[in-house]
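Below: one structure, written as structure tokens.
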Amino acid sequence: MASFPNTAERHSRIPAAATSGFSLVELMVALLFTGLLMTGMAQVFKSSLTSFYTSGEVLSSARRNRASIDLLYDDLNSAGMYLTSLSAPPSEVAATNPAFYVLPNQAVVPAGGPDDPATADQLLFYLDQPLAFEGSISTAGRSAAEIIGGGGVVATGAGGDSEFQIDCGDPAYANLLSSAVTAAAAQVPPAGLSMVFKDSWETLYFNAATVSGSTVTINAIGDPGVAISGLGSQGTPAKAKHIPGAAVLFYRPSQMVRYSIKMKQLDPQNANGIPCLVRDQGTYAAGAFVADPTQESIITENVSGFKAYLSADSGNTWAGQGAAYTDWASLRADLDTQLVAAGRKDYTTTQGNEHWFRKIPTLVRLDITTRTATKRSEYSANPTTAAYRELVQSLVIVPRHFGLPLN
């Protein structure tokens, strides 16, 4: 009969490796080192995540600054663009609403929160705003050589001397002109379109337009130069006959542009709104700037500062810099002081001429301060508090039409 080992004998035969394991001390040491390692990895991950967010926010702020500077550069180069007449400025521009001016330290409306800008400068300027496309006279008639040699004139459309057929090159452009005329009729003051025939630089306002393909038939009236609204006088145009194929420039006359900071409700979680650099536009009014709500556009968001300075002494001094006044007259007086000190012959004052900038080359400096979208402790000198990080970018320019006399 086979014998079986007893319990003690069986236990003695089990290998020692099968019964060994981690002791409590070993487990505690392992957990300690694992915790230290995970803590270090978490700190590295947090630092990387913070660096990712902060660098992205700073880059976004820099891009917004760059984009707004580019837009301002293009727009400011149109300041003082007078297309109605190449030899005379608009006579209706009044001292109460000059053709170019800066209002320093204006209250931001509506008011924002404690972290938002309370005041900022406003930049305003006048221009005749050209459209982005041109047309050409498509009515049949004599050539330029025939007109010069035979003294003849070019026939216009069937509607007589006030009707012109103009090829816009694209049906979308032709329809744009027609819709612009319709929209202008409902505006007060009217903000219609004018056109310039480049063969003689005759300016006409058109009050009716019908479209056929890319060709628009325009019924034109008078010279818009006699009415700042662009309506002009009634009657047959003075130079109704034009050369077929001559270029036609379309533009919106007598426009006023304003740049300022406004609080805009773009974030439903921010009751105070977001400070934005806003471009407003409207038809010129002698009493004061009147904005057309349909033409408001946001240039950039999270703007904590907008300052405009002028210099008539090559940037040695800047009118408006560090000043506490809030009116154009005081800033203009500073500019006159610069002119007197510079000793420039025949250019010692801006007074008495609201188109002074067309004769006096003047530096315009715009400082735009943008901030990050989020407050972070990384942007603050005190690590226990959060703050915005701000970036300032400047544009210094002599606008294209400044120092360019009309006569």
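Everything numeric in this text was worked out from a predicted model, so none of it was measured. Heads up: numbering here begins at 1 and tracks the sequence. Keep in mind that the numbers below use all heavy atoms, side chains included, and drop hydrogens, waters and symmetry copies.
With Ser330 contributing its side chain and Thr326 its backbone, the two residues share no donor-acceptor pair below 3.5 Å. Side-chain atoms of Asp116 come within 3.5 Å of backbone N or O of Gly113 as a donor-acceptor pair. Between the side chain of Asn175 and the backbone N or O of Pro171, at least one donor-acceptor pair lies under 3.5 Å. Arg252 places no side-chain N or O within donor-acceptor distance of the main-chain N or O of Leu193, the cut-off being under 3.5 Å. One N or O on the side chain of Thr362 and one on the backbone of Ile360 form a donor-acceptor pair closer than 3.5 Å. At distances below 3.5 Å, at least one donor-acceptor pair connects side-chain atoms of Trp201 with backbone N or O atoms of Leu83. Under a 3.5 Å cut-off, the side chain of Glu390 and the backbone N or O of Thr369 do not form any donor-acceptor pair.
Side chains of Asn382 and Thr384: a donor on one and an acceptor on the other come within 3.5 Å. In this structure, a donor-acceptor pair under 3.5 Å is present between the side chains of Ser214 and Asp167. Side-chain N/O atoms of Asp367 and Ser394 include a donor and acceptor closer than 3.5 Å. A side-chain donor-acceptor contact under 3.5 Å links Thr350 and Asp336. Counted by atom type alone, Ser380 and Thr385 present one or more donor-acceptor pairs between their side chains at under 3.5 Å. Side-chain contact, Thr294 with Asp292: a donor N or O sits under 3.5 Å from an acceptor N or O.
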Any chance you could lay out the side-chain contact (heavy atoms from CB on, under 4.5 Å) test for Leu339 and Thr349, step after step, and finish with the verdict? CA-CA 7 Å; Leu339 287 171; Thr349 183; 5.5 Å; no
Stepwise, does the side-chain contact (heavy atoms from CB on, under 4.5 Å) test hold for Cys276 with Glu301? CA-CA 4 Å; Cys276 300; Glu301 304 172 6; 4.0 Å; yes
Verify side-chain contact (heavy atoms from CB on, under 4.5 Å) between Leu177 and Val211, making sure each step is shown before the conclusion. CA-CA 9 Å; Leu177 294 178; Val211 178; over 6 Å; no
Test side-chain contact (heavy atoms from CB on, under 4.5 Å) on Lys307 and Asp121; report intermediate values, then the result. CA-CA 5 Å; Lys307 302 295 292 183; Asp121 290 358; 3.1 Å; yes
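Using a 4.5 Å heavy-atom threshold, the side chains of Ser194 and Thr84 count as separate. Looking only at side-chain heavy atoms (C-beta outward), Leu366 and Tyr259 stay at 4.5 Å or farther from each other. Under the 4.5 Å side-chain criterion, counting only non-hydrogen atoms from C-beta, Ser297 is in contact with Ile299. Proximity of Thr203 to Tyr251: side-chain heavy atoms (C-beta onward) are separated by under 4.5 Å at one or more points. The shortest side-chain heavy-atom distance between Ser254 and Tyr126 falls under the 4.5 Å cut-off. Inter-residue side-chain proximity for Arg371 and Pro275 is flagged as met; some heavy-atom pair is nearer than 4.5 Å. Residues Tyr325 and Pro104 form a side-chain contact, since some pair of their non-hydrogen atoms from C-beta on lies under 4.5 Å apart. Taking 4.5 Å as the limit, some side-chain heavy atom of Leu127 sits within range of a side-chain heavy atom of Gln255.
Note: Phe402 and Trp356 have perpendicular aromatic rings, judged against thresholds of 30 and 60 degrees for the angle between ring planes.
Taking CG of Asn105 as the start and CD of Gln122 as the end, the distance is 10.5 Å to the nearest 0.5 Å. In this structure, the separation between CG on Asp267 and CG on Asn302 is 9.5 Å, given to the nearest 0.5 Å. With rounding to the nearest 0.5 angstrom, the OG atom of Ser304 is 9.5 Å from the CG atom of Leu391. Lys359 contributes atom NZ, which lies 12.0 Å from atom CG of Leu404 (distance to the nearest 0.5 angstrom). For the atom pair Gln295 CD and Asp280 CG, the distance stands at 9.5 Å (nearest 0.5 Å). To the nearest 0.5 Å, atom OG1 of residue Thr119 and atom CZ of residue Phe306 are 13.0 Å apart.
Closest heavy-atom contact between Glu354 and Ala95: OE2-CB, 3.6 Å. For the pair Asp70 and Arg66, the tightest heavy-atom approach, listed with the atom from each and the gap, is OD1-NH2, 2.7 Å. Listed here is the closest heavy atom pair of Gln265 and Asn270: OE1-O, 3.4 Å. Closest of all the heavy-atom pairs between Phe250 and Gly135 is CE1-N, 3.7 Å. Taking each heavy atom of Ala286 and Asn97 in turn, the nearest pair found is O-CB, 3.5 Å. Closest heavy-atom contact between Gln338 and Ser311: OE1-CA, 3.2 Å.
Across Val364, Thr300, Leu395, a single residue satisfies side chain to side chain contact (heavy atoms under 4.5 Å, CB included) together with Leu72, and that is Leu395. Among the candidates Phe125, Tyr101, Phe100, Tyr82, the single residue satisfying the ring-ring contact (aromatic ring centres under 6.0 Å, His included) test with His355 is Tyr82.
For Tyr73, the ring-ring contact (aromatic ring centres under 6.0 Å, His included) test picks out no residue, with sequence neighbours left out. The salt bridge (Lys or Arg N to Asp or Glu O under 4.0 Å) test applied to Asp327 returns no partner, not counting sequence neighbours.
A cation-pi arrangement is absent between Arg258 and Phe289 under the rule of less than 6.0 angstrom and at most 45 degrees off the ring axis.
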